[in-house]
Structure formats: C-alpha cells, structure tokens
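A short write-up of the structure that comes next.
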Amino acid sequence: MKIRKHNHTEDKAELQMTSMIDVVFLLLIFFVMTFKISVQEGDFNVRMPQPGTAAAPQEQTSLPLNLRLRADGNGRIAEIILNDNSFGQDFNALNQYILSYVGGTDGPQGEDSPEVEIDLDYNLRYEHVIQAITAVTGQRQGDDIIRLVEKIKFAPTRKGE
Amino acid sequence: MKIKSHNQAKAEADLTPMIDMVFQLIAFFMVLINFSQSEQNDRVQLPDSQLAKPAEDKLEFPIVIHLTSEGTVIVGGDETGVEGIRPLLGRELEVLRLEKKTAADANIVIRGHRDVAGGRVQDLIEKCQAMGFEKFALRVKEEPR
C-alpha cells in the first residue's frame with residue numbers, strides 16, 4: 001500500500017529576513033551619515049631651521065629673491081613686490097615673471113633653484129600668502145605641475161608696523 | 001457552504017532585489033569612507049591652491065597643528081593661543097624622544113584657516129623653530145576647477 005505522506009518539508013523554506021534587513025539598514029544609515037566628500041589636499045614644504053644653528057645653510061649659492069607682500073587694512077593683498085618689481089595685485093604676472101626668471105620649464109630645479117624669501121605684512125590673510133607661494137613654486141599645465149622654485153622661507157615677522 | 005479561500009495565504013514580497021541594492025550601497029559607502037578625517041578640524045577652512053596634490057611619500061612624524069581664524073592653535077584636541085603652544089609641542093617632543101628622534105626629524109603640518117593673519121603663521125613657525133623643529137608643511141586643499 002502506498003502511503004502518501006503529508007510532508008511539511010516540501011513547503012518552501014523561508015528565512016527570517018526582518019532582523020537582517022534591520023541591521024543592514026542601520027549599517028547603511030551609519031555609512032550615509034559618516035560619508036563626507038573630501039577634497040584632495042597637498043602640502044607646501046618649507047624648511048626653516050632656526051637661524052644660527054648648524055643646520056642653517058651657511059652659504060648662499062645665489063641671491064635670494066625677496067618677495068614683499070603688502071596688505072591693505074582688511075588684510076587683502078595691496079601690492080606684490082619682487083626685488084623692486086611691482087606686480088600690483090596680479091599673482092599671474094608674478095608667476096610668469098618667476099617662470100622666465102628660472103629659465104622656463106627647463107630651468108634649474110631642486111637644489112639649484114633660487115630661494116624666495118617671503119616678507120609679508122602681519123595682517124595679510126593666509127589665503128593670499130598661499131596664493132603667493134602657489135605663484136612662486138609652480139605652474140599647473142593640464143594635469144602636470146611644473147615646479148619652479150622649491151625653496152621658500154619667511155622673513156622675520158613684521159609686528160606692530 | 002464555507003469556501004476556503006487561497007487569499008488567506010500570507011502575502012510575501014520578494015525582497016531579494018532590495019537586499020541586493022542595499023548591499024551594493026553599503027559596499028559603495030564602505031569603500032569611500034575616509035578614516036583620515038581625524039586630521040581635520042571643522043573650524044579650519046584651508047586655503048586652496050591649484051598646486052595641491054597629495055604627497056607621494058608620507059611625511060615622517062607629522063605633527064598636525066590647526067590654526068583657527070581667531071588665531072588660536074589646536075594640537076591633538078587641545079586649544080591654546082600661539083604663545084601657549086610650548087607645553088603641547090613638548091608633549092610631542094617626548095614621543096619623539098622615546099622613538100630616538102629629534103625635533104629636526106619631525107614635520108610640522110600647519111593647517112591654517114584661510115582668513116587668519118599671515119603673521120600668526122609666522123609666529124607659529126617661529127615658536128616651533130625655537131623648539132628645534134625645522135620642517136614645515138603648509139597644508140592646502142585642491143582648488144575647485
């Protein structure tokens with residue numbers, strides 16, 4: 001005799017999805033909340049040993065370029081002067097001048113490149129200082145960066161002027 | 001006569017595509033999450049520069065100093081004026097000494113707010129120089145193109 005077994009296991013096996021979905025949504029919310037689009041960051045390296053120490057460069061291979069940045073009352077750039085040449089407020093003109101000074105893109109780089117000393121008014125905004133450093137240290141052409149002046153240093157602070 | 005209806009069966013949605021999507025989203029956010037944000041401070045808005053490019057080699061012993069728009073400095077979560085930075089840097093020097101390094105080996109990463117007076121940055125550099133630090137990195141962010 002054939003016994004027909006009523007078999008419960010023939011039913012579709014079901015997983016309890018609810019708890020997994022709960023956890024997965026929590027994870028999703030965590031990642032969405034902590035997500036922050038971060039922009040690329042870079043550094044300008046400045047090597048400035050304490051004057052008078054053994055690490056300080058004893059001899060200058062070439063005369064340093066003196067970059068004077070004047071600020072107006074609000075801390076904005078008023079005038080850019082490089083070795084007595086005034087560039088007004090035009091950082092691009094400064095960049096072009098530096099490019100021709102170091103001899104174009106094939107000019108000396110690294111250790112042989114000239115040194116720029118930045119002499120700024122105390123209240124000049126840091127943003128403009130960075131603009132000046134950008135104009136002096138290189139030029140971006142497409143995705144490539146051409147390095148112009150590698151060595152930068154700051155002149156003593158002009159406080160109370 | 002009582003008719004047993006099939007509609008009484010539990011209605012079930014097919015969850016598979018939704019779970020697939022959700023896992024994809026989680027994978028996306030996991031890959032993009034940036035854990036290096038501990039270096040950042042919300043109060044500091046970096047100046048931007050077209051030359052900003054992540055350094056190819058990592059800085060040796062970086063010490064991150066935030067300089068806020070009010071001219072105060074934040075080192076490792078402690079805020080003080082530029083004049084009071086000595087004890088905070090002294091702490092970092094202790095760590096360097098334990099690793100048999102000197103201040104000259106460390107890199108001071110200056111994250112200055114874009115509107116802070118440039119002279120404050122110079123003051124900060126002078127204070128660090130007085131403690132023997134030599135290498136400085138002025139942190140900037142990429143200019144939106």
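Below, chain A is the first sequence line, B the second, and so on; all start at residue 1.
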Which atoms of [X] come close to chain A, meaning under 4.5 Å heavy atom to heavy atom: side chain ones, backbone ones, both, or neither?
X      : value
B:L46  : side chain
B:D48  : backbone
B:V140 : both
B:I125 : side chain
B:L25  : both

*For B:R114 and A:R125, run side chain to side chain contact (heavy atoms under 4.5 Å, CB included): C-alpha distance rounded to whole Å, both residues' side-chain angles, the deciding distance at 0.1 Å, then the answer.*
CA-CA 7 Å; B:R114 56 195 311 156; A:R125 282 189 197 181; over 6 Å; no

*What residues of residues 90-97 of chain A sit under 4.5 Å from chain B when only non-hydrogen atoms are counted?*
none

Cluster link [X] to [Y], ILVMFWY, side chain under 4.5 Å:
X      : Y      : answer
A:V116 : A:Y101 : yes
A:I81  : A:L65  : no
B:V75  : B:V116 : yes
A:L99  : A:F87  : yes
B:V95  : B:V64  : no

*A:Q131 versus B:S49, side-chain donor and acceptor atoms under 3.5 Å*: no

*What closest approach, in Å, do A:Y126 and B:H113 show between heavy atoms, and which atom pair accounts for it?*
CD2-O, 3.4 Å

*Compare every heavy atom of B:E126 with every heavy atom of A:P156, then report the nearest pair and how far apart it is.*
CA-OE2, 4.2 Å

Side chain / backbone / both / neither for [X] at chain B, heavy atoms under 4.5 Å:
X      : answer
A:L28  : both
A:V129 : side chain
A:A71  : neither
A:I130 : side chain

Do the non-hydrogen side-chain atoms of [X] and [Y] ever get within less than 4.5 Å of each other?
X      : Y      : result
A:E41  : B:E142 : no
A:L27  : B:M30  : no
B:D115 : A:E127 : yes
B:L51  : A:F44  : yes
A:I21  : B:M18  : yes
A:I133 : B:L138 : yes

*In terms of heavy-atom pairs under 4.5 Å, which option from B:V22, B:L67, B:D123 contacts chain A the most?*
B:D123

*For chain A, which of B:K135, B:K141, B:Q50 has the most heavy-atom pairs under 4.5 Å?*
B:Q50

*Within a reach of under 6.0 Å around CZ of A:R76, are more than 12 heavy atoms found that belong to other residues, nucleotides or ligands?*
no

*Of A:I152, A:N45, A:V46, which is the lone residue that meets side-chain contact (heavy atoms from CB on, under 4.5 Å) with B:F136?*
A:V46

*All salt bridge (charged side-chain N to carboxylate O under 4.0 Å, His left out) counterparts of A:D119, not counting sequence neighbours*: A:R158

*For the residue pair B:F28 and A:F35, does the interplanar ring angle fall in the parallel (under 30°), tilted (30 to 60°) or perpendicular (over 60°) class?*
tilted

